[in-house]
Amino acid sequence: MRKDKKQILSTRPVGEELILEASRHNIIIDEIPFIETEVSINEATAKRIVELSRGKIYAVFTSMNAVEAVRDLVSPEVDWKIFCLGPATKKLVVEIFGEESIISTGHSGADLADEILKHQDVKSVFFFCGNIRRDELPQKLKSNNVDVEELIVYKTLETPKDIAQHYDGVLFFSPSAVESYFSINTVTEGMQPFAIGKTTANAVKHFSDKPVIVAELPDKKSLVAQAIAHFSSDQKI
């Protein structure tokens with residue numbers, strides 16, 4: 001018997017490879033982005049980044065967008081020691097700064113702060129972030145006497161769309177996308193929400209009392225795999 005196809009809304013692009021993988025399991029993924037990001041570096045911040053690229057610092061990246069934003073401002077000989085989220089952000093850090101630059105990674109901002117605090121020689125860090133960022137990492141570091149200099153290098157813009165079609169599931173990748181989606185939409189009857197991490201899942205819970213399925217790892221491949229596993233299990237019942 002032919003299985004019914006499931007339809008999932010992804011609130012950010014996941015790529016053709018994952019769309020094809022889902023289709024092999026009778027799952028259709030529609031990509032409808034609910035946020036946009038763009039580089040946003042003022043003259044003073046650009047000058048500061050160039051200056052920092054000539055020295056040795058502890059840098060923190062929790063977003064691929066931040067890594068992309070600084071790549072054209074750092075010198076080829078940059079010698080930063082980096083703490084970052086993984087695996088997607090880590091992959092880009094390796095591409096630009098080299099594998100040897102990474103000290104440690106984490107699955108969330110709070111987790112990454114804990115990793116940084118394990119290194120007692122780290123007394124100050126430079127946090128490259130967007131205009132909308134979570135408080136957990138800088139607050140935890142500051143409360144443990146680690147100085148944090150924040151450099152805003154990109155901005156996030158909400159791009160909400162009114163979704164009339166019924167979907168069996170919705171994939172969320174950030175609290176900002178959650179805010180954008182729920183500004184004019186809801187999680188309807190029979191719709192399963194999925195989140196890339198606990199922070200994003202907690203954001204969903206502010207708007208819906210439905211249980212949120214969280215990816216085992218904080219990347220889009222793991223999140224799509226989680227959705228495939230969920231709906232494949234449903235179809236066996």
Side-chain angles (χ1 to χ4, degrees), residues 12-15 17-18 35 37 39 49 52-53 55-71 73-74 78-130 132-154 156 171-177 194-203 212-226:
R12 65 159 280 185
V14 294
E17 183 179 342
L18 292 178
I35 60 170
T37 60
V39 174
I49 294 170
L52 291 172
S53 76
K56 294 184 177 182
I57 67 167
Y58 292 107
V60 179
F61 293 101
T62 58
S63 165
M64 292 175 63
N65 298 308
V67 183
E68 285 281 9
V70 305
R71 71 184 304 166
L73 291 171
V74 297
V78 64
D79 186 22
W80 291 355
K81 296 304 180 184
I82 297 172
F83 297 94
C84 66
L85 295 188
T89 302
K90 177 183 176 181
K91 182 178 180 182
L92 191 56
V93 168
V94 169
E95 178 185 320
I96 297 171
F97 297 95
E99 182 83 46
E100 69 284 352
S101 70
I102 297 177
I103 298 178
S104 189
T105 62
H107 295 313
S108 67
D111 182 39
L112 189 58
D114 288 336
E115 289 296 319
I116 295 170
L117 292 173
K118 290 178 183 178
H119 299 266
Q120 297 183 1
D121 57 320
V122 178
K123 303 300 182 185
S124 64
V125 300
F126 295 85
F127 181 25
F128 298 89
C129 58
I132 302 174
R133 60 107 179 102
R134 307 296 296 179
D135 293 330
E136 292 90 348
L137 184 143
Q139 284 185 352
K140 182 172 281 193
L141 293 179
K142 290 174 183 177
S143 66
N144 284 275
N145 300 312
V146 176
D147 290 332
V148 181
E149 181 176 331
E150 296 183 32
L151 296 101
I152 296 175
V153 294
Y154 72 94
T156 300
L171 310 181
F172 293 108
F173 296 85
S174 71
S176 298
F194 298 84
I196 198 166
K198 292 181 180 178
T199 302
T200 300
N202 287 335
V212 182
I213 296 176
V214 181
E216 292 183 359
L217 294 173
D219 67 0
K220 59 186 181 182
K221 184 176 181 180
S222 180
L223 186 57
V224 171
Q226 200 80 1

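All values derive from a computational prediction rather than experimental measurement. In what follows, every heavy atom counts, from backbone to side chain, and hydrogens, waters and symmetry copies are set aside.
- Formation of a donor-acceptor pair under 3.5 Å by the S222 side chain with backbone atoms of D219 is not found in this model.
- The line from CG of L52 to CD of E149 is 6.5 Å long, rounded to the nearest 0.5 Å.
- Going from atom OG of S104 over to atom CD1 of I82 covers 12.5 Å, rounded to the nearest 0.5 Å.
- Among all heavy-atom pairs drawn from L137 and V60, the shortest one is CD1-CG1, 4.0 Å.
- Salt-bridge annotation for E17 and K221: absent, with no side-chain N of the basic residue lying under 4.0 Å from a carboxylate O of the acidic one.
- At least one side-chain heavy atom of R133 sits under 4.5 Å from a side-chain heavy atom of D135.
- The shortest side-chain heavy-atom distance between V39 and V153 does not fall under the 4.5 Å cut-off.
- With K123 contributing its side chain and Q120 its backbone, the two residues share a donor-acceptor pair below 3.5 Å.
- Nearest approach of K81 to E100, heavy atoms of both residues: NZ-O, 3.8 Å.
- Nearest heavy atom pair, residue M64 against residue L92, reads O-CD2, 3.6 Å.
- Atom CD1 of I102 sits about 10.5 Å away from atom CZ of F61, to the nearest 0.5 Å.
- Side-chain contact between S108 and E136 is absent, with no heavy atoms from C-beta onward closer than 4.5 Å.
- A 6.0 Å sphere centred on CD of E216 holds no more than 12 heavy atoms belonging to other residues, nucleotides or ligands.
- Across all non-hydrogen atoms, the minimal contact from V212 to A201 is CG1-CB, 3.9 Å.
- Rounding to the nearest 0.5 Å gives a distance of 5.0 Å between CD1 of I49 and CG of L73.
- Note: L85 CG to H107 NE2 = 10.0 Å, rounded to the nearest 0.5 Å.
- Atom NZ of K142 has more than 12 heavy atoms from other residues, nucleotides or ligands within 6.0 Å.
- Residues V67 and F128 form no side-chain contact, since every pair of their non-hydrogen atoms from C-beta on lies 4.5 Å or further apart.
- Annotation: the span from E68 atom CD to T37 atom OG1 amounts to 9.5 Å, rounded to 0.5 Å.
- Taking the six-membered ring for Trp and the full ring otherwise, the centers of H119 and Y58 sit at least 6.0 Å from each other.
- Classification of the W80-F97 ring pair by plane angle, with boundaries at 30° and 60°, yields parallel.
- Taking both residues in full, the closest heavy atoms of L112 and T105 are given as CD1-C, 3.9 Å, listed atom of the first, atom of the second, then distance.
- Of all the heavy atoms in I152 and G130, the pair that sits closest is CG2-C, 4.0 Å.
- V14 is listed as a side-chain neighbour of F173, based on a closest heavy-atom distance under 4.5 Å.
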Hey, mind stepping through D114 and K140 against side-chain contact (heavy atoms from CB on, under 4.5 Å) and telling me if it holds? CA-CA 8 Å; D114 288 336; K140 182 172 281 193; 3.1 Å; yes

